[in-house]
2 protein chains.
Amino acid sequence: MRVVSRALMPVCACAPVMVGLFQRTLRLRTALRHLSPHSTFSSATTAGRPPVDLCGPFLPAPSRQSGVCCRKLHSGADGSEPSPAAAPDRRPFSRISREDLDSFRKIVPGRVVTDPDLLESSNVDWLKSVRGSSEVLLRPQTTEEVSQILKYCNGRNLALNPQGGNTGLVGGSVPVYDEIVLSTALMNNILTFDSISGILTCQAGCVLENLSGYLEERDYIMPLDLGAKGSCHIGGNVATNAGGLRLLRYGSLHGTVLGLEAVLADGRVLDCLATLRKDNTGYDLKQLFIGSEGTLGVITAVSILCPRKPKSVNVVFLGCETFDQLLKTFQLCRGMLGEILSAYEFLDSECMRLLNTHLKLPNPISDCSFYVVIETSGSDPTHDGEKLHNFLEEAMNSSLVTDGTVATEESKIKALWSMRERVTEALTHDGFTYKYDVSLPVERIYQLVTDMRQHLGGRAKSVVGYGHVGDGNLHLNITSPAKDPALLAAIEPFVYEWTAGCRGSISAEHGLGLKKRNYIYYSKPRQAVALMGDIKAMLDPKGILNPYKTLPDDLK
Amino acid sequence: MRVVSRALMPVCACAPVMVGLFQRTLRLRTALRHLSPHSTFSSATTAGRPPVDLCGPFLPAPSRQSGVCCRKLHSGADGSEPSPAAAPDRRPFSRISREDLDSFRKIVPGRVVTDPDLLESSNVDWLKSVRGSSEVLLRPQTTEEVSQILKYCNGRNLALNPQGGNTGLVGGSVPVYDEIVLSTALMNNILTFDSISGILTCQAGCVLENLSGYLEERDYIMPLDLGAKGSCHIGGNVATNAGGLRLLRYGSLHGTVLGLEAVLADGRVLDCLATLRKDNTGYDLKQLFIGSEGTLGVITAVSILCPRKPKSVNVVFLGCETFDQLLKTFQLCRGMLGEILSAYEFLDSECMRLLNTHLKLPNPISDCSFYVVIETSGSDPTHDGEKLHNFLEEAMNSSLVTDGTVATEESKIKALWSMRERVTEALTHDGFTYKYDVSLPVERIYQLVTDMRQHLGGRAKSVVGYGHVGDGNLHLNITSPAKDPALLAAIEPFVYEWTAGCRGSISAEHGLGLKKRNYIYYSKPRQAVALMGDIKAMLDPKGILNPYKTLPDDLK
Ligand SMILES: Cc1cc2nc3c(=O)[nH]c(=O)nc-3n(C[C@H](O)[C@H](O)[C@H](O)COP(=O)(O)OP(=O)(O)OC[C@H]3O[C@@H](n4cnc5c(N)ncnc54)[C@H](O)[C@@H]3O)c2cc1C
Ligand SMILES: Cc1cc2nc3c(=O)[nH]c(=O)nc-3n(C[C@H](O)[C@H](O)[C@H](O)COP(=O)(O)OP(=O)(O)OC[C@H]3O[C@@H](n4cnc5c(N)ncnc54)[C@H](O)[C@@H]3O)c2cc1C
């Protein structure tokens, strides 16, 4: 069974629990008034947050859903012009034969899945927006098996789609046509962990949350964390260069991944699995694979530098009346919280409305236009509490913040975090969602949301903004009751042009996958894209690895 | 005039100053005994350290030095077998003609240097160990000029050596034969600085120390710092993926460099100069150039994420009796100093002897086998002082540390730092130096030094170890009165085999350049090196960019 299935189980509605939690959570003003600096902000021992209900009750069971809620990206089926997100024609790869299946059964005996019911969840992406029609799922356990599979596929000109937890949001993780799915789900061994250096080496299929659990027992944490942690694989994280909630503090995977092993299209194993913080012997090849979305090689193992588990974690949930105040609060807390600041996330009042309506999560503070989740992680609970207290006092006194609440226990910390983490889920209940994940100069982040609202007038159901303010990363989401080509035409290319207009990135962390590949020129010059094409041609001359993804159609 | 010259001026001997400083510096035991936690460790406002005298009185003036102290890497001139560091035969590049010079004068009018005296410092490396015989130095000011130069050179099959501050330590920064030197010294403009995000964009020729100064005035710092800061260029830092003294805290340039602009061998300008923290639109091409040592393109501009200037900086100089104690002290301080730890550097008693003997720097504490420099940087002087106090008390009580001193003012902080930073300089006074810069599992770092001492017996003058413990990075240096091929034969390949034996890196931060290119296989498998060759061939098919460097001879 795929590891992802665990997170696909519906979780019970937690609204009553939340209400209780927040009733017991100290309100900011009270906290500031009644408690001494040293006791105001007690701290929990972990920064853990609850796994998100990745696929709540909204989503129909596989058998009922076919073709219903999948965006027909592959054709202009509704009569409109095919959008740049639509798949190009199938390339002339071979089709799988009985002999191929026999060969695969020799390479991965008992792990060649052809049952359509079992294949279903590998053919459809997390958003249920893209559906492939693969007839084979391979589940290797070792690098050697991956190597043999690729060698075989390359020889036979068979296309292949590497798949981790299948939580990707840009249609990169599922086949477009009949590409073979190569799942890393059974490559889930931890290989080594060095408790002096904090360097972890593991197979690519380890689930992020499992790695976090393993490390926390050893007084370390993973340098990345994201809402999909219960399902996503570390290999998928590296393949997408996932950002997430800790990037502000621990930086990107380009810095924290110390080594990786990848199998190239022709089956060659590239061993860059160093476990050293520093190594300047030649070009840093592993960097090529970080963020290459399965188009340059299959990542089979990763080594990563893990930070010590903070002794003290605090979470604050604040409300601001304007986005300008929210930014000023960010500047203030960068200065006053300094090295203990570990997250600065935001959601707008529209997100709060969706959380209330669809997930029955009540607003833990009074109604505001914007909400901020601030997390601190440090080594001294007293010092951290003092810093936080001073910051909050200053933020209140200077009227940057209207209301707020401080979580003082692990369960409450999780509850506050879920206000930010469950927005994605709430959106899936609101209707058909158009998702945008852009990087912008931090001071312009929210202007895109307001401009979009104005631009769309009454055409959308909801236009919401949330994301990683600290990284300049906005998630703009637009819902409508059903798929709506006219709405889409109003959103795109407007959103891309707007982003390009301030030299932003049209994909901050989700990658390009199938859906955004043709928009790459909004963020990258032609010279650069051409060079990407050269790299692809060098490493995968037949183009069998994750075809139709990441690179634009005009390259071939 | 080259910017580097500033740092090449001899600085006055600072021994008397140091003695005075240390007399006024609080001794650790006293500090612990007499001062309250809150006042014990006052803090300075910057982490600045003095520029190192890069080239003290030991080094003869250009006119006297020719051929004298340059290691004849290019030939087996002394009758011995040419070492793997020796240059291969000159490749069949064109030779510079009068017409070429005329063309260059059109591209960079008034900035084509052919005077042999002026060329001297560009032909010889900082260690005076490699000498080229270039007859032309070009000093472009703009990316467009660099592009035109490369286009011309590529068309004419003229080889070219990009050069920054020429402080590289592996013979990569100077020509081997008659390659044209392209200096970035006049490309020294800061382009933009965003005081909200802390993102700096500048031309590649900006001197690191100048950037630091610029940023400190704006309450930010550079994420990297190294002894050569007064001369090295940010472009050279990125081209070598320099590590340095802040890597422990702020991570490598693969994480902090957000964008770069490079000119490819054929003159194409690759614009990856994003100023965004997150951008997952296609492959991260800039990563290829970080650490490529001028062999894949000329870096013309860089954008980099800069941390806030810490409000509080403390430096402690400690002595340990055994390396095991030094490692235990590291573990202790990682736990107790946590997020404020910004450096953990070490030197051994042999380094101290050289500092005493050659630079007249007195030991600020009593004689020990090992010395540690610990730096903290944080946002709250009181909190930092308390953390440091508690750590030191624990380290003393558990007898991990024998003696120590705490610097309480900026000038004293600088003085303590110079004990670590000036070791490189002290070595140049001790004799001919064989330099090794290796990454090892942290617990094995010093074993290489003791094994080497034992292995060499009395053959070397000094065998010293120092470096960045926090990063697992040892600088092993071996001196002898003069160049000594027999000694070299005893050191190599012993040192490389030893390092490879524990899966270390034979070049942690200095790169491979000319000297170490053929040793790459000790740290990288053949598959990986072959792929590096493919990348080189793709980006620079004629091989005109920094030939004979980084990649091993057997690739061609
Ligand atoms: C609720 C939710 C929250 C999310 N939050 C964030 C967030 O905060 N930040 C963020 O950056 N992303 C976020 N994401 C999207 C993110 O891309 C994925 O969650 C994750 O990084 C993908 O991992 P995966 O194992 O599921 O990969 P998949 O979805 O299976 O695959 C993603 C891509 O990587 C490739 N791939 C997967 N494994 C390998 C491998 N071993 N070798 C080569 N290629 C491979 C696939 O071919 C595909 O192109 C979120 C997604 C969800 C559903
Ligand atoms: C006293 C001293 C202390 C040092 N300390 C450290 C340390 O702590 N950590 C560390 O990592 N290193 C250290 N170094 C070595 C380090 O490599 C350099 O100091 C620095 O990074 C090189 O910068 P530079 O501008 O001097 O480059 P150069 O020496 O001029 O060049 C180095 C290499 O980069 C290439 N190059 C330079 N500029 C460009 C460009 N614009 N585009 C493309 N290629 C280019 C050159 O061709 C060459 O291969 C030290 C050196 C000295 C002398």
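Proteins come first, then strands; the chains are lettered A, B, ... in the order of their sequence lines, and each starts at number 1. Here the structure is a predicted model, which is why all the values come from computation and not from measurement.
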**OP:** Tell me, please, which residues at least two apart from A:Tyr344 pass side chain to side chain donor-acceptor pair (under 3.5 Å).
**Re:**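 Here no residue qualifies.
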
Taking [options] one by one, which has the highest count of heavy-atom pairs under 4.5 Å against chain B?
options: A:Arg334, A:His510, A:Glu443, A:Arg308; answer: A:Arg334
options: A:Leu296, A:Val269, A:Leu337, A:Leu253; answer: A:Leu296
options: A:Gly291, A:Ser252, A:Ala528, A:Ser505; answer: A:Ser505
options: A:Val438, A:Leu305, A:Leu531, A:Thr275; answer: A:Leu531
options: A:Val442, A:Leu264, A:Leu512; answer: A:Leu512

By a 4.5 Å heavy-atom criterion (distance strictly below it), what part of [X] contacts chain A: side chain, backbone, both, or neither?
X: B:Thr240; value: backbone
X: B:Arg517; value: neither
X: B:Leu248; value: both
X: B:Val529; value: neither
X: B:Arg503; value: both
X: B:Leu285; value: side chain
X: B:Met538; value: side chain

Original post:
Without hydrogens or angle criteria, can the side chains of B:Tyr522 and A:Thr281 be said to hold a donor-acceptor pair below 3.5 Å?
Top reply: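 Note: B:Tyr522 and A:Thr281 side chains miss the donor-acceptor criterion.
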
**OP:** Tell me yes or no: between the side chains of B:His254 and A:Asp284, is some donor less than 3.5 Å from an acceptor?
**Re:** yes

Give, for atom [atom1] of [X] and atom [atom2] of [Y], the distance between the pair rounded to the nearest 0.5 Å.
X: A:Asp380; Y: B:Lys387; atom1: CG; atom2: NZ; answer: 5.0 Å
X: A:Ser197; Y: B:Asp471; atom1: OG; atom2: CG; answer: 11.5 Å
X: A:Asn280; Y: B:Glu293; atom1: CG; atom2: CD; answer: 7.5 Å
X: B:Ile196; Y: A:Gln331; atom1: CD1; atom2: CD; answer: 5.5 Å

Subject >> Ion pair check, B:Asp437 and A:Lys278, cut-off under 4.0 Å >> reply: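 So B:Asp437 does not pair with A:Lys278 through a salt bridge.
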
Subject >> Ionic contact status for A:Lys524 with B:Asp279, cut-off 4.0 Å >> reply: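 Salt bridge flag = yes for A:Lys524 with B:Asp279.
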
Option in [options] with maximal non-hydrogen atom pairs under 4.5 Å from chain A:
options: B:Gly335, B:Pro307, B:Gly470, B:Ala530; value: B:Gly335
options: B:Gly338, B:Gly255, B:Ser439, B:Ala508; value: B:Ala508
options: B:Ala274, B:Gly282, B:Gly243; value: B:Gly282
options: B:Ser292, B:Cys272, B:Gly472; value: B:Ser292

4.5 Å side-chain heavy-atom contact, [X] and [Y]:
X: B:Ser379; Y: A:Glu339; value: yes
X: B:Leu276; Y: A:Asn473; value: no
X: A:Leu247; Y: B:Arg277; value: yes

Side chain / backbone / both / neither for [X] at chain B, heavy atoms under 4.5 Å:
X: A:Leu551; result: side chain
X: A:Ser195; result: backbone
X: A:Asp194; result: side chain

Original post:
Between A:Ile535 and B:Leu288, which heavy-atom pair has the shortest distance, and what is it?
Top reply: CD1-CD1, 4.1 Å

Original post:
Applying the side chain to side chain donor-acceptor pair (under 3.5 Å) test to A:Tyr283, which of B:Thr550, B:Thr295, B:Asn241 qualifies?
Top reply: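 Single side chain to side chain donor-acceptor pair (under 3.5 Å) partner of A:Tyr283 among B:Thr550, B:Thr295, B:Asn241: B:Thr295.
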
